[in-house]
Each structure stands twice: as structure tokens, then as C-alpha cells.
Amino acid sequence: MLNSTHNVENPIFQKNFFNDFQAIIKKTGGAKDPQGKPIQIKEFSKCDFRTIFEHYEKLRAEKKAMSAAEKKAAKAEKDAAEAPYMYCMWDGRKQKVGNFRVEPPALFRGRGEHPKTGTVKTRVMPEQITINIGKDAPVPAPPEGHRWKEVRHDQEGTWLAMWQENVNGNYKYVMLAANSDVKGQSDYKKFEKARELKKHIDRIRKDYKKGLKDELMVNRQRATAVYLIDQFALRAGNEKGEDEADTVGCCSLKFEHVTLKPPNTVVFDFLGKDSIRYYDEVEVDPQVFKNLKIFKKPPKKEGDEIFDRLTTSALNKHLSSYMPGLTAKVFRTYNASYTMATLLKKMSATGTIPEKVKQYNDANREVAILCNHKRTVAAGHADQMEKLSDRVSKQPFITSYLILDQLAISRKQPI
DNA sequence: ATTCTGACTTGTTCGAATTGTT
DNA sequence: AACAATTCGAACAAGTCAGAAT
């Protein structure tokens with residue numbers, strides 16, 4: 001909460017927090033004035049939470065003021081307390097666990113205009129937690145006086161524990177760390193699948209090019225969507241509920257997100273995943289331009305979906321007919337990896353190390369642009385660093401697509 | 001067919017750790 | 001040594017997508 005003015009100033013955040021806050025006050029016996037007389041708390045703006053803030057500031061200061069030796073001792077103590085939870089045995093092998101802690105109570109910080117931002121995310125009790133563990137393994141004891149919701153022996157799932165969070169009803173899982181065997185294996189499979197796509201991409205591209213003129217509107221929409229996903233690395237775009245931030249992907253694009261500039265320029269302007277703006281002005285295949293014009297034809301108006309005959313599941317079903325396991329997201333992996341690999345091949349092997357690093361970073365940045373990866377410029381730096389826009393891709397921070405380029409490097413220079 | 005449930009990946013942000021600077 | 005700047009990993013919100021339920 002300390003560094004979160006952005007959230008705290010948001011009226012929706014305040015309203016949601018205050019509703020929950022009032023309910024909790026009521027449930028816990030009501031508020032009292034210093035004389036112990038019951039009082040009503042009616043207005044958020046009149047509440048002063050500073051003492052809580054100051055309390056945490058004090059703890060922080062105390063921690064900071066510790067001597068080096070004290071800090072070291074505190075860390076050792078913390079590490080020792082965590083040690084028993086860091087690893088598990090998985091099919092007889094020791095594996096690192098990712099998030100072994102249950103998420104603590106907090107104010108939900110939904111991104112963008114999330115209708116529930118600021119809501120109190122309540123403490124998770126053992127009675128809400130399902131444990132997934134080997135049939136013969138000793139089940140970890142729940143805290144004194146409590147019991148687990150359920151103990152399962154699911155051999156297929158990759159999670160160790162699971163609960164449902166109260167704000168959105170989302171499932172939360174304790175799983176293995178990214179560098180564990182299972183995660184590494186599935187990451188490997190992901191890239192293998194993207195590599196597999198390389199064998200089919202020509203056929204798929206030819207096919208959707210043809211499909212752009214299909215007289216069946218459903219097929220024409222589908223072909224157009226695949227075109228956009230392939231060419232501009234758009235996400236699939238599942239439908240979203242009322243209780244979520246209003247963001248879109250390809251299949252959920254609305255009338256107002258696409259502007260047509262003859263002869264064949266399209267302007268995309270919409271909020272995508274994490275409410276990050278996707279803005280791009282691009283030239284498209286003339287038939288794609290014509291199609292989008294048809295899909296936007298009256299009586300369609302603002303708020304209506306462009307691909308009204310298309311769902312992500314229909315799209316994925318169609319894609320899987322080209323290749324088992326092919327879905328919309330594979331195109332992102334494929335195109336990101338392909339771009340990276342191409343740029344790395346183009347990279348000159350000569351030059352100083354800093355020069356090579358720069359070329360590598362430039363390549364990485366280009367992939368970030370393709371995928372529309374952005375992050376907020378740090379509050380203090382915002383004004384001086386950037387006048388053009390508030391969000392800028394300053395540094396390469398591609399992680400999920402990195403494995404392939406590391407592979408590419410290791411092939412060039414064995415060991 | 002459509003909606004719901006559940007499990008998994010993806011991506012941003014935050015805070016801790018590390019490194020650089022005075 | 002003290003502080004700022006930068007880097008890195010953990011946290012967790014927000015997606016994707018398959019399969020079950022309606």
C-alpha cells in the first residue's frame with residue numbers, strides 16, 4: 001500500500017475498499033470513539049489511515065537501521081523458516097516449489113478500470129484449501145484446530161495446493177517453480193509446438209488468404225481473424241464478463257477499435273491484456289480491408305463486435321485441424337521466436353562485446369514491439385524521460401520467448 | 001450451442017538484492 | 001558508509017483454452 005497512490009486515488013478503488021471496510025467494521029462489533037461510545041463511519045474522505053501507514057513506515061525504518069550483521073542474522077532465520085517448504089518430491093525427484101505461500105489478505109489491485117479494484121481480498125483459511133499429494137505421502141498437517149477442505153491424489157494435475165480467491169472467484173494454485181522439471185518440460189513443448197507450426201505456416205497462410213473471399217460470412221470472419229493474429233500478433237480475445245476490466249483481443253474487437261483509412265490502412269486502437277493500449281496504424285491486404293469494411297457495415301455500430309460470427313473456440317477448433325494442438329497463442333510464440341531468430345542470424349558476429357550486446361538488445365526490443373510489451377515508466381522519471389507517450393518500451397524484458405534465442409545462440413557457438 | 005469450471009501460461013509490477021556513485 | 005540507480009526474482013493479476021455441465 002505504501003507505494004500505491006495511483007490506486008489509492010482511484011475513486012472506484014476508494015468506493016470498493018470503503019464498502020468492504022464498513023462491512024468488516026460492522027461485523028467485528030462496530031467502531032467506537034475514544035470514550036468507547038459506538039459511532040458510525042460514513043465517509044471515506046474523513047478517515048485518517050495515517051497511523052497504520054506510519055506503523056509500517058516505522059517497521060521499515062527499523063529494518064533499515066539494522067546493522068549488517070543483524071540483517072544477515074534475520075535473513076538466515078527467514079531462510080531457515082522457509083527451508084522445509086521450498087522443495088517437494090515429485091515422482092521420486094526433488095523439485096523446487098514456486099509459490100509455497102498462500103496469498104495474504106490485501107486490497108485487490110485490479111489493473112485498468114477493473115470494477116472490483118480496491119475490494120478486500122480476505123485471508124484464506126485452511127478449510128478453503130485443497131491439497132494434492134501422492135497417495136502414500138504423509139499429508140502436511142493443517143494449522144492447529146483446522147482442517148483442509150479436501151485432500152486429493154490427482155496424478156495428472158501439476159498443482160500441489162489450490163484455493164479460490166474471494167474477489168473474483170479465481171482459482172489460485174501452488175505449483176512448481178519455473179526451473180523445475182515439469183515446468184521446463186512444458187516450456188520445451190511450447191517451443192516445439194511453435195517450431196512445428198513452421199512446417200504448416202505456408203499452407204495456413206495460403207488457406208486464409210483464400211478464405212478471405214469465402215462467401216460464407218463465418219469463414220470469411222475466421223480467415224480475417226487468423227490473418228490479424230498471424231500478421232499483428234494479436235491475442236485470441238475471449239469474451240469477458242461484466243465484473244472484469246473491459247479489454248479485448250482479436251475475436252472480441254469492437255466497432256470502435258478499428259478505423260479504416262482507404263485505400264488499405266487500418267488503425268487499431270484498443271485496450272488489450274492488462275489494459276495496455278494497443279495502437280498501430282498498418283497497411284493490410286486489400287481483401288482484409290474490404291472484409292473489415294463489411295464487418296463494420298451498418299446497422300453495426302459502436303459497441304458491436306466486429307467478428308460477431310466468430311468465437312475463440314471455433315477459431316481454435318479450426319486451427320487444430322491444421323496441426324494438433326495449434327491454437328491462437330502459438331502464433332505469438334512462433335512469430336516472436338521467428339523474428340528473434342531472424343534478427344540474430346542477421347547480426348554480425350564481429351565487433352566488441354558491448355556492440356554485440358546492443359544488437360542483441362535491439363533485436364529483443366523489436367520482438368517486444370511486435371508483442372506490444374510495455375511497462376510503465378517509473379513515476380519519478382516519467383516526465384523527463386518521455387514526452388511522446390506515457391508508456392514506452394525502454395528495455396528488453398522478453399522472458400517467455402527467450403528460450404529459443406538462447407537455443408539459437410548455443411547452436412552458433414557450441415559450449 | 002453456450003456457459004461454466006478448472007488448470008495452466010503470460011505479462012506487469014513490486015520490492016529485495018546488487019551494483020554504482022559520492 | 002550511505003545513498004541512489006539498476007537488475008532480478010517473486011507475486012499475482014489477467015489472459016488462453018479444453019472439457020464438463022447445462
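These figures come from a predicted structure and were not determined experimentally. Lettering of chains follows the sequences in order, A, B, ..., and the numbering in each one begins at 1.
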Closer than 4.0 Å, any side-chain N/O of [X] to the OP1 or OP2 of [N]?
X      : N      : answer
A/S186 : B/dC8  : no
A/T311 : B/dT2  : no
A/H114 : C/dA13 : no
A/K75  : B/dA16 : no
A/K183 : B/dT9  : yes
A/K121 : C/dA13 : yes

Rounded to the nearest angstrom, tell me the gap between atom [atom1] in [X] and atom [atom2] in [N].
X      : N      : atom1 : atom2 : answer
A/L271 : C/dA14 : CG    : P     : 13 Å
A/E156 : B/dC8  : CD    : P     : 10 Å
A/K78  : B/dA16 : NZ    : C1'   : 8 Å
A/F108 : C/dA14 : CZ    : P     : 4 Å
A/D274 : B/dC14 : CG    : P     : 12 Å
A/N170 : C/dC12 : CG    : C1'   : 11 Å
A/R109 : C/dC12 : CZ    : C1'   : 10 Å
A/L176 : B/dA7  : CG    : P     : 15 Å

Between [options], which nucleotide gets closest to the side-chain atoms of [X]?
X      : options               : answer
A/H373 : B/dG11, B/dA7, B/dC14 : B/dG11
A/W159 : B/dG11, C/dA13, B/dA7 : B/dA7
A/R101 : B/dC8, B/dT10, C/dA11 : C/dA11
A/T247 : C/dG15, B/dA17, B/dT9 : C/dG15

> Given A/Y208, which of A/R203, A/R222, A/Q231 fulfils the side chain to side chain donor-acceptor pair (under 3.5 Å) condition?
Replying inline: A/Q231
> Pick from A/Q95, A/K94, A/K96: which one makes a side chain to side chain donor-acceptor pair (under 3.5 Å) with A/D181?
Replying inline: A/Q95
>> Test ring pair (Phe, Tyr, Trp, His ring centres under 6.0 Å) on A/Y278 and A/H257; report intermediate values, then the result.
In response: CA-CA 10 Å; A/Y278 183 100; A/H257 297 140; over 10 Å; no
With 3.5 Å as the limit, what N/O pairs link the protein to nucleotides 16-18 of chain C?
unit_1: C/dT16; atom_1: OP1; unit_2: A/A236; atom_2: N; d: 3.3
unit_1: C/dT16; atom_1: OP1; unit_2: A/G237; atom_2: N; d: 2.8
unit_1: C/dT16; atom_1: OP2; unit_2: A/N238; atom_2: N; d: 3.1
unit_1: C/dT16; atom_1: OP2; unit_2: A/N238; atom_2: ND2; d: 3.0
unit_1: C/dC17; atom_1: OP1; unit_2: A/T327; atom_2: OG1; d: 2.6
unit_1: C/dC17; atom_1: OP1; unit_2: A/A328; atom_2: N; d: 3.2
unit_1: C/dC17; atom_1: OP1; unit_2: A/K329; atom_2: N; d: 2.8
unit_1: C/dC17; atom_1: OP2; unit_2: A/N316; atom_2: ND2; d: 3.1
unit_1: C/dC17; atom_1: O5'; unit_2: A/N316; atom_2: ND2; d: 3.3

> Starting at the 5' end of DNA chain B, which residue's closest nucleotide do you reach first, A/R111 or A/D154?
Replying inline: A/D154
> When the nearest nucleotide of DNA chain B is assigned to A/K273 and to A/Q164 on a heavy-atom basis, which residue is associated with the more 5' position?
Replying inline: A/Q164
> Do the ring planes of A/F100 and A/Y85 sit parallel (below 30°), tilted (30 to 60°) or perpendicular (above 60°)?
Replying inline: parallel
> In chain order, what residues pass the side-chain hydrogen bond (donor to acceptor under 3.5 Å, both in side chains) check against A/K261, with sequence neighbours excluded?
Replying inline: A/E281
>> Applying a 4.0 Å non-hydrogen cut-off, can you work out what A/R309 is touching in the nucleic acid: base, sugar-phosphate, or nothing?
In response: nothing
>> Between A/N238 and A/T312, does the side chain to side chain donor-acceptor pair (under 3.5 Å) criterion hold? Intermediate values first, please.
In response: CA-CA 6 Å; A/N238 285 300; A/T312 52; 2.5 Å; yes
> Is A/K300 close enough and on-axis enough to A/F255, meaning under 6.0 Å and within 45°, for cation-pi?
Replying inline: no
> Which is it for A/E103 and A/K172 under the salt bridge (Lys or Arg N to Asp or Glu O under 4.0 Å) test, yes or no, and what are the steps along the way?
Replying inline: CA-CA 9 Å; A/E103 290 174 20; A/K172 298 283 186 161; 3.2 Å; yes
